[in-house]
Amino acid sequence: MTATLVDGKALAAKVRAQVAEDVAAFGEPVCLATVLVGDDPASHLYVGWKHKASAEAGIESRDHRLPEATPESEILDLVAELSADDGVDGILVQLPLPGHVDESLVTSSMDPAKDVDGLHPINAGRLFLGQPLHVPATPLGVMRMLEEYGVELKGSEAVVIGRSEIVGKPMAMLLLAEHATVTLCHSRTVDLAQHTRRADLVVAAVGRPGLVTRDMIKPGATVIDVGINRTESGIVGDVDRDVAEVAGLLTPVPGSVGPMTIAMLLSNTLQAARHRRLGLAVPGS
Ligand code: NAD
């Protein structure tokens, strides 16, 4: 078997075009503010892409870049300022933050109605309760891809590898909401392959090249590779290339999950703007 490769770039372009149309129809300015602390080159690249994509969709953006040594209190002050600013609809704090900053304190300090990354406890809790508002863009993009490619989730066996707040956990919740039977694997999972081998869907979100090999995949399964790893041979995911010989559907890295993440961030920002203008308060905000 040779897997069908998901064309995430094409789907992302479609989502972005729809967001652009909806932003124009909305008729009011929509604004995303990003906060980036430190010098991590990958983070600077990602934030640059987010601004470019925002501009193309007609979304204004504000770019706050702070030095690595910025005290936590200053970051909290900036987030409070953006939360109170009526001209800002969405706030994205690019992670990771430097070691001296408590990430969860920063994300919990923002107005949950503007938390377009879906990391505030209110948004995470809403997803857990099956009442999602802002959902992290990467797992949301994965769900959009699965829908586009007609992957049947109801009653399927899904294995998510990685339990981060931004990918693994929300991914598991979204799949559960679609009636998949979900197994969440992580660094302490004993015998990962025993779980993945019976899965109809495997989502790998770890950050370790070659973690998922072809012998771990059931023939015909859908394999979503969220991993981004910089290696000597370029950017690779968590899934070995020859998994394409057994999987039914596979996301290539780069060019699948990444572009969808940016597209869904734009969609979340428009959603935040709509909610705020329509006065749909987020409980707790
Ligand atoms: P993280 O470091 O926060 O979490 C990694 C998870 O992997 C942890 O939950 C850990 O328990 C698990 N893990 C570690 N070693 C393991 C092992 N041997 N077996 C099973 N599980 C193991 O990372 P993250 O922020 O969730 O990101 C994961 C990967 O996805 C990274 O490569 C990141 O760059 C990538 N990513 C891509 C996008 C995108 O848009 N394509 C977005 C976010 C993250």
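Counting starts at 1 for both ligands and their atoms, in listed order.
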Can you spot which of Ile224, Leu176, Val182, Val142 makes a side-chain contact (heavy atoms from CB on, under 4.5 Å) with Val160?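 Of Ile224, Leu176, Val182, Val142, side-chain contact (heavy atoms from CB on, under 4.5 Å) with Val160 is met by Val182 alone.
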
Partners of Arg230 by salt bridge (Lys or Arg N to Asp or Glu O under 4.0 Å), sequence neighbours excluded?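 Checked Arg230 against salt bridge (Lys or Arg N to Asp or Glu O under 4.0 Å); zero matches.
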
Qualifying residues under salt bridge (Lys or Arg N to Asp or Glu O under 4.0 Å), relative to Asp7, sequence neighbours excluded: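 Applying salt bridge (Lys or Arg N to Asp or Glu O under 4.0 Å) to Asp7 gives none.
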
Decide, yes or no, whether a salt bridge links Asp86 with Arg276 under the criterion of side-chain N to carboxylate O below 4.0 Å.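 Arg276 and Asp86: salt-bridged.
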
Not counting sequence neighbours, which residues clear side-chain hydrogen bond (donor to acceptor under 3.5 Å, both in side chains) with Asp102? List them please.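 Per chain and number, Asp102 pairs via side-chain hydrogen bond (donor to acceptor under 3.5 Å, both in side chains) with Ser104.
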
Could you state whether Val236 and Leu45 fall into the same hydrophobic cluster, counting links through intermediate Ile, Leu, Val, Met, Phe, Trp or Tyr residues with side-chain heavy atoms under 4.5 angstrom apart?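 In one cluster: no.
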
Near ligand 1, which protein residues have a heavy atom under 4.0 Å away?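 Lining ligand 1 at under 4.0 Å, by heavy atoms, one finds Thr138, Ile161, Gly162, Arg163, Ser164, Ile166, Val167, His186, Ser187, Ala205, Val206, Gly207, Arg208, Leu211, Val226, Gly227, Ile228, Val257, Gly258, Thr261.
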
